[in-house]
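Notes to accompany the following structure.
Chain letters run A, B, ... following the sequence lines, proteins first and then strands; every chain starts at 1.
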Protein chains: 2
Amino acid sequence: MASVKVLLEGKDFKLTQARKALLDIFVNSTKPLSYEDIKSTLSMDKATFYRNITKFEEQKIINAIESHDKKRYFEIKAKSHAHFICTTCNSVECIKNGIYVTLKNYTISNVILQGICPTCNLANDKN
Amino acid sequence: MASVKVLLEGKDFKLTQARKALLDIFVNSTKPLSYEDIKSTLSMDKATFYRNITKFEEQKIINAIESHDKKRYFEIKAKSHAHFICTTCNSVECIKNGIYVTLKNYTISNVILQGICPTCNLANDKN
DNA sequence: TCTTAAATGCAACTGAGTCGCATCAAATAG
DNA sequence: CTATTTGATGCGACTCAGTTGCATTTAAGA
Ligand SMILES: [Mn+2]
Ligand SMILES: [Mn+2]
Ligand SMILES: [Zn+2]
Ligand SMILES: [Zn+2]
């Protein structure tokens with residue numbers, strides 16, 4: 001888990017309270033988060049949130065995943081890995097057990113799996 | 001390529017002009033299409049378009065892919081296959097050369113690959 | 001042909017994300 | 001430590017894909 005300080009070294013932008021608080025949340029999360037997910041724990045205007053996310057993406061500090069619920073989910077950029085999106089509960093999970101896909105002439109930068117997560121699968125079995 | 005007639009057999013809804021025209025477009029497309037893609041070739045209100053798409057999804061005639069451009073792309077439901085979304089030109093392609101991904105305890109219904117398509121890769125190389 | 005339930009078009013709405021602008025606060029020079 | 005500057009913030013207005021309510025039309029079938 002990278003520290004906020006290390007992430008910001010040598011980046012050319014101001015170290016504001018908002019940015020430190022934002023990165024702190026992402027550094028301590030095990031899964032990608034949307035603005036919706038964190039707006040209550042973070043008093044920050046959504047314009048500021050999204051502008052900072054854009055900066056972080058430019059600086060390759062943060063990564064975005066588009067879910068099927070029309071929201072974007074963000075995470076600290078780490079070793080490339082796939083993501084699973086549950087179409088029942090909308091959760092987004094990191095899948096770090098090596099899934100590699102290649103395709104001739106294509107450059108693949110992201111693999112997204114959609115389906116039903118273990119929790120929702122279990123809940124379904126009970127009915 | 002399934003015919004429109006076959007697709008509609010035994011489905012419990014009215015066979016309107018709009019629905020026939022809509023399915024005709026999808027049956028003759030090699031790639032998923034958005035409302036944006038077809039609105040000029042089809043004189044149909046967008047409310048009607050989306051309501052019919054919803055019906056078709058319920059009847060398992062049509063399949064949706066959410067792109068990263070915040071639009072939904074639709075195709076006739078066929079044998080399950082992966083999709084490639086180009087983050088440069090936003091095109092959505094069907095990948096029918098068997099890509100299979102499984103994950104213990106998860107039900108995977110869709111595989112989406114994001115990256116750069118051959119066309120955009122070539123264009124990039126020239127610069 | 002008549003009846004009726006479902007489908008359509010239109011306009012108003014929703015909700016995630018963006019933008020312009022006035023104000024504020026990091027960074028840095030004095 | 002204070003003053004200046006420039007980028008960051010908050011707010012409200014806006015965008016745009018998709019949705020909804022409602023009055024009108026049309027497919028189906030009696
Ligand atoms: Mn991840
Ligand atoms: Mn396809
Ligand atoms: Zn789930
Ligand atoms: Zn492309």
Side-chain angles (χ1 to χ4, degrees), chain A residues 4-5 7-26 32-59 61-75 85 87 90-92, chain B residues 4-5 7-26 32-59 61-75 85 87 90-92:
Chain A
V4 173
K5 260 191 190 170
L7 286 171
L8 294 170
E9 264 162 19
K11 299 297 189 289
D12 64 343
F13 51 64
K14 290 185 183 172
L15 239 337
T16 62
Q17 295 306 316
R19 284 176 182 163
K20 278 184 264 182
L22 233 194
L23 283 177
D24 209 58
I25 287 177
F26 285 114
L33 302 169
S34 67
Y35 170 66
E36 193 71 19
D37 289 334
I38 65 174
K39 69 173 177 186
S40 56
T41 47
L42 197 64
S43 71
M44 182 186 303
D45 190 75
K46 65 178 174 163
T48 305
F49 174 89
Y50 286 113
R51 279 188 285 232
N52 279 329
I53 290 286
T54 303
K55 274 259 163 190
F56 292 151
E57 287 183 290
E58 283 166 13
Q59 308 280 333
I61 291 174
I62 268 193
N63 215 355
I65 296 110
E66 346 280 322
S67 181
H68 71 292
D69 61 2
K70 297 192 193 78
K71 292 188 208 157
R72 303 183 76 212
Y73 288 74
F74 310 98
E75 66 178 353
I85 298 173
T87 52
N90 289 333
S91 72
V92 181
Chain B
V4 173
K5 261 191 188 169
L7 285 171
L8 294 170
E9 263 163 21
K11 298 297 190 290
D12 64 344
F13 51 65
K14 290 187 186 173
L15 239 337
T16 62
Q17 295 307 317
R19 283 176 183 163
K20 278 184 263 182
L22 234 193
L23 283 177
D24 209 59
I25 286 176
F26 285 115
L33 302 170
S34 68
Y35 170 66
E36 193 71 17
D37 289 333
I38 65 174
K39 70 173 175 185
S40 56
T41 47
L42 198 65
S43 71
M44 182 186 304
D45 190 74
K46 65 178 174 166
T48 305
F49 173 90
Y50 286 114
R51 278 188 287 231
N52 278 329
I53 290 285
T54 302
K55 272 261 162 186
F56 291 151
E57 286 183 290
E58 283 165 13
Q59 307 281 335
I61 291 174
I62 268 193
N63 216 356
I65 296 111
E66 345 280 323
S67 183
H68 72 290
D69 61 1
K70 298 192 191 79
K71 292 189 209 158
R72 303 183 76 214
Y73 287 76
F74 310 98
E75 66 178 352
I85 296 174
T87 52
N90 289 333
S91 72
V92 180

By side chain to side chain contact (heavy atoms under 4.5 Å, CB included), A:S91 pairs with (sequence neighbours left out) A:C86, A:C89, A:E93

Is it the case that the side chain of B:T54 and the backbone of B:Y50 share a donor-acceptor pair, with hydrogens and angles ignored and the cut-off at 3.5 Å?
yes

Any donor-acceptor pair under 3.5 Å linking the side chain of B:R72 with the backbone of B:S34?
no

Using a strict 4.0 Å threshold on nitrogen-to-oxygen distance, state whether B:K46 and B:E36 make a salt bridge.
no

Whole angstrom value for the distance that separates [atom2] of [N] from [atom1] of [X]:
X     : N      : atom1 : atom2 : answer
A:K39 : C:dG17 : NZ    : C1'   : 13 Å
A:F74 : C:dA16 : CZ    : P     : 12 Å
B:H68 : C:dG17 : NE2   : P     : 14 Å
A:Y35 : D:dT9  : OH    : P     : 13 Å
A:F13 : C:dA25 : CZ    : C1'   : 16 Å
A:L15 : D:dG7  : CG    : P     : 16 Å
B:E66 : D:dC16 : CD    : P     : 20 Å
A:F49 : D:dC11 : CZ    : C1'   : 18 Å

Could you check which of C:dT8, D:dT9, C:dA26 has an atom nearest any side-chain atom of A:T48?
D:dT9

Mind telling me whether B:F26 and B:F49 have parallel, tilted or perpendicular rings, with 30° and 60° as the class edges?
tilted

5' precedence on DNA chain D between B:K71 and A:A18 (nearest-nucleotide basis)
A:A18

Between A:L33 and A:E75, does the side chain to side chain contact (heavy atoms under 4.5 Å, CB included) criterion hold? Intermediate values first, please.
CA-CA 7 Å; A:L33 302 169; A:E75 66 178 353; over 6 Å; no

When we call it a touch if two heavy atoms are under 4.0 Å apart, what does A:K14 touch: a base, just sugar-phosphate, or nothing?
base

So, OP1 or OP2 of D:dT9: does either fall under 4.0 Å of a side-chain N or O from A:T16?
yes

Are there any protein N/O atoms within less than 3.5 Å of an N/O atom in nucleotides 18-21 of chain C, and if so, which ones and at what distance?
from: C:dG20; atom 1: O6; to: A:R51; atom 2: NH1; distance (Å): 3.2

Between B:L15 and B:K20, is any pair of side-chain heavy atoms under 4.5 Å apart?
yes

